[in-house]
Structures are given as C-alpha cells and as structure tokens.
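What follows is a single structure, written as structure tokens, with notes after it.
Whatever order the structure lists them in is the order used to number ligands and atoms, beginning at 1.
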Amino acid sequence: MKTSQLYGGIEAGGTKFVCVVASDPGRVVEEIRFPTTTPEETLQNSIKFFQPFVESGQIHSIGIGCFGPLDLDPTSPTYGHILSTPKPHWSNADVLGTLRRALNVKLTLDMDVNVAGLGEHIWGASRGLDPSLYLTIGTGIGGGYIKDGKPLIGMLNLEMGHLRIPHDRELDPFNGSCPFHRDCFEGLASGPAIEKRLGVTGAVVPEEDAFWDIEVEYIASALMNYILTLSPKKIILGGGVMQREFLFPKIRQRVRALLNGYVVHKNLLETIDQYIVPPALGNRSGSMGAVALASLTA
Ligand code: ADP
Ligand code: ZN
C-alpha cells in the first residue's frame with residue numbers, strides 16, 4: 001500500500017454517515033459527519049464532500065462500509081442496493097449506483113462490520129494478526145471475520161449476530177427482540193434488547209446491576225462459539241453497548257470459564273486481556289476501514 005496516496009472512505013451507518021479523505025489514521029485530510037436522513041439527501045451530502053477531491057485528481061478510489069442488509073452479489077441486478085430494511089426510506093436504496101453516477105472514481109462497497117474489521121486489521125488492534133474477528137454490539141450485533149487479509153464471505157454474508165445461544169428463561173424471562181428468531185444472540189444482547197427488557201438504555205444501567213452478568217453470559221457464549229469455529233487470533237468488541245468498559249474483564253473471565261481449559265493457548269490462558277479487546281481505532285474503525293478498503297482495491 002502506498003501510504004502517501006489519498007483515498008476516500010464512507011462509514012454509512014443507520015444513524016450517521018462519516019466521510020473522510022485520508023491516507024491512514026495519522027493523515028486525515030478532511031472529515032465530515034452528518035445524520036442519516038433520506039437516501040437522496042444523505043448520498044448527495046457525501047457526493048458534495050468528495051466532488052472537489054475527485055475533480056482535482058486527489059482521490060481515485062472510495063471505499064464504503066454500509067449498514068445492511070446489502071446486496072453484495074456483483075451479478076445481481078440490485079447489486080449495491082440496500083435490501084428490505086425497517087429503516088424508513090432506505091429499502092431498495094441504490095447506494096453504489098447513486099455514488100457511481102455522480103463520482104468518476106472506483107467505488108468499493110462492503111458491509112459495515114467487514115469494513116471496520118478490515119480497518120482494525122490494517123491499522124488497529126488486530127494489525128498483523130490473521131484471522132481476526134470484529135464484533136459490534138450496538139443497535140444490532142454483527143461480526144466481520146478477516147481471513148487472508150479480507151472479509152470472509154460465503155454463500156452470503158456472515159450473520160454472526162443471529163447465533164443461537166443458551167437462554168435460561170428463569171434467570172432472564174425476556175422473550176428476545178429479534179423479529180426472525182426472538183431469542184438469538186442479537187435478540188437477547190443488542191442495545192435495543194437491553195432497552196426493551198429494562199425500559200432504559202444500557203448506557204444508564206448501573207455497573208452493579210445484576211443484569212450485566214446475564215449480558216456477559218450471552219456475549220461470552222457467542223465468543224466461545226466463534227473461538228471454537230473460527231479460531232480468530234484477536235477478538236475486537238465494538239459498538240455502543242461495549243462502551244461500558246467494565247464488561248471487558250467480566251467477558252474475558254467468563255469466556256475462560258466456559259472454555260474450561262479445552263482450547264490450550266496462551267491467548268486464553270495467560271494473556272486474555274490482550275486477546276478480547278476494544279477497537280484500537282476507537283470510533284474511526286469504520287471510516288478508516290473504508291479508506292483501507294479503497295486502498296486495497298485501488
Ligand atoms: P449503531 O449500532 O447504530 O451503529 P451504536 O453502536 O452506538 O450504533 O449502538 C447503539 C445502541 O447501543 C443503542 O441501542 C444504545 O442504547 C446502545 N448504547 C449506546 N451507548 C451505550 C452505552 N454507553 N452503554 C450501553 N449501551 C449503549
Ligand atoms: Zn435473530
């Protein structure tokens with residue numbers, strides 16, 4: 001990768017968009033954030049931001065990490081569109097096509113979690129470690145698994161948030177909030193699941209509240225499954241819920257207890273505090289990941 005070359009990056013989130021022109025996290029030439037409103041307005045704002053950089057020849061490639069569900073099959077007629085989403089106005093929005101018609105550059109699109117995982121792999125907590133896993137626990141739960149330097153895609157995208165995990169209904173009678181599976185991982189442990197269960201956002205639930213042990217159990221169960229099936233060399237936990245930093249030591253301890261010595265590796269037995277970690281790029285994993293995506297595909 002040529003580090004001096006500038007690239008465009010878009011973190012296209014359901015709540016906000018972040019657009020950057022940068023070569024790496026140490027050299028961000030310009031950055032803008034705006035709320036996600038209608039596709040027309042939001043994509044137009046992005047186009048306006050990049051246009052001068054494209055016209056002056058400073059950038060030739062833009063990466064986009066977008067919220068989903070997304071059509072990422074290049075042979076599909078709706079490639080680059082958002083599919084059916086509860087988010088008003090965004091079902092069938094042609095994200096890639098709209099940008100492509102307005103900006104004469106190479107555009108590369110991937111799922112938000114894949115792109116954030118890539119950012120962490122190139123510049124962040126999982127630098128030099130392959131494979132690695134980036135998991136967000138926010139409005140939804142989703143994972144980006146970086147293998148051989150790129151996000152793993154199978155028949156379709158991975159849907160790591162919808163894992164089925166043990167649910168002790170005596171301890172936690174909440175039915176779950178996933179419209180498809182009810183008490184899958186996301187249905188039990190996402191930000192909205194916490195809010196629905198407790199009536200308040202997880203941001204204000206006191207650290208001493210017994211609920212957090214339940215949340216930790218769900219996250220640790222899911223991580224155990226990922227460790228056993230994907231064997232990542234680093235696990236990065238991001239998203240709104242993981243802003244509660246006291247969760248990290250509890251999750252590490254519970255993962256170790258659940259695995260019960262079965263996976264024999266120092267990452268789990270000795271240095272688990274460096275194995276399950278927050279994103280090193282903070283809230284820039286997504287936007288810098290988009291820059292990394294642009295640079296890798298330029
Ligand atoms: P998004 O998933 O939309 O990109 P976030 O990752 O910030 O955005 O996730 C938003 C969710 O995380 C909301 O459900 C919110 O209640 C929850 N959340 C945000 N901040 C915190 C916090 N400090 N502690 C616990 N939950 C939080
Ligand atoms: Zn589900």
Per-atom contacts, ligand 1 versus [X] - under 4.0 Å to a heavy atom:
X	answer
G202	24 (N), 25 (C), 26 (N)
G239	6 (O)
T15	3 (O)
E195	16 (O)

Shortest protein heavy-atom distance from [atom], along with the residue and atom involved:
atom	result
atom 23 (N) of ligand 1	Q243 CB, 3.4 Å
atom 20 (N) of ligand 1	G240 O, 3.6 Å
atom 16 (O) of ligand 1	T201 OG1, 3.3 Å
atom 13 (C) of ligand 1	G191 CA, 4.3 Å
atom 10 (C) of ligand 1	T139 OG1, 3.5 Å

How far does [atom1] of [X] sit from [atom2] of [Y], to the nearest 0.5 angstrom?
X	Y	atom1	atom2	value
Y262	L268	OH	CG	13.0 Å
N45	F50	CG	CZ	11.5 Å
L223	I235	CG	CD1	5.0 Å
L118	M111	CG	CE	12.5 Å
I272	Q253	CD1	CD	9.5 Å

Hey, which N, O or S atom on H162 ends up closest to the Zn ion (ligand 2)?
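The nearest such atom is ND1.
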Just give me the atom name: the N, O or S atom of H181 closest to the Zn ion (ligand 2).
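Atom name returned: ND1.
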salt_bridge(R244, E207) N-O dist < 4.0 Å
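Between E207 and R244 there is no salt bridge, as every charged N stays at least 4.0 Å from the carboxylate O atoms.
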Under 4.0 Å between a side-chain nitrogen and a carboxylate oxygen: does that hold for D94 and R101?
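The answer is yes: the pair qualifies as a salt bridge.
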Look up atom 1 (P) of ligand 1 and tell me if a protein heavy atom lies less than 4.0 Å from it?
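Given the 4.0 Å cut-off, atom 1 (P) of ligand 1 counts as touching protein heavy atoms.
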Tell me yes or no: between the side chains of T15 and T36, is some donor less than 3.5 Å from an acceptor?
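T15 vs T36: no donor-acceptor pair found between side chains.
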Under a 4.0 Å heavy-atom limit, does S190 contact ligand 1 with its side chain, its backbone, both, or neither?
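The answer is neither.
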Whether P192 lies under 4.0 Å from ligand 1, heavy atom:
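Flag set, P192 near ligand 1.
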Looking at every non-hydrogen atom in both residues, tell me the closest pair between I47 and A102 and how far apart they are.
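I47 and A102 have their closest heavy atoms at CD1-CB, 3.5 Å.
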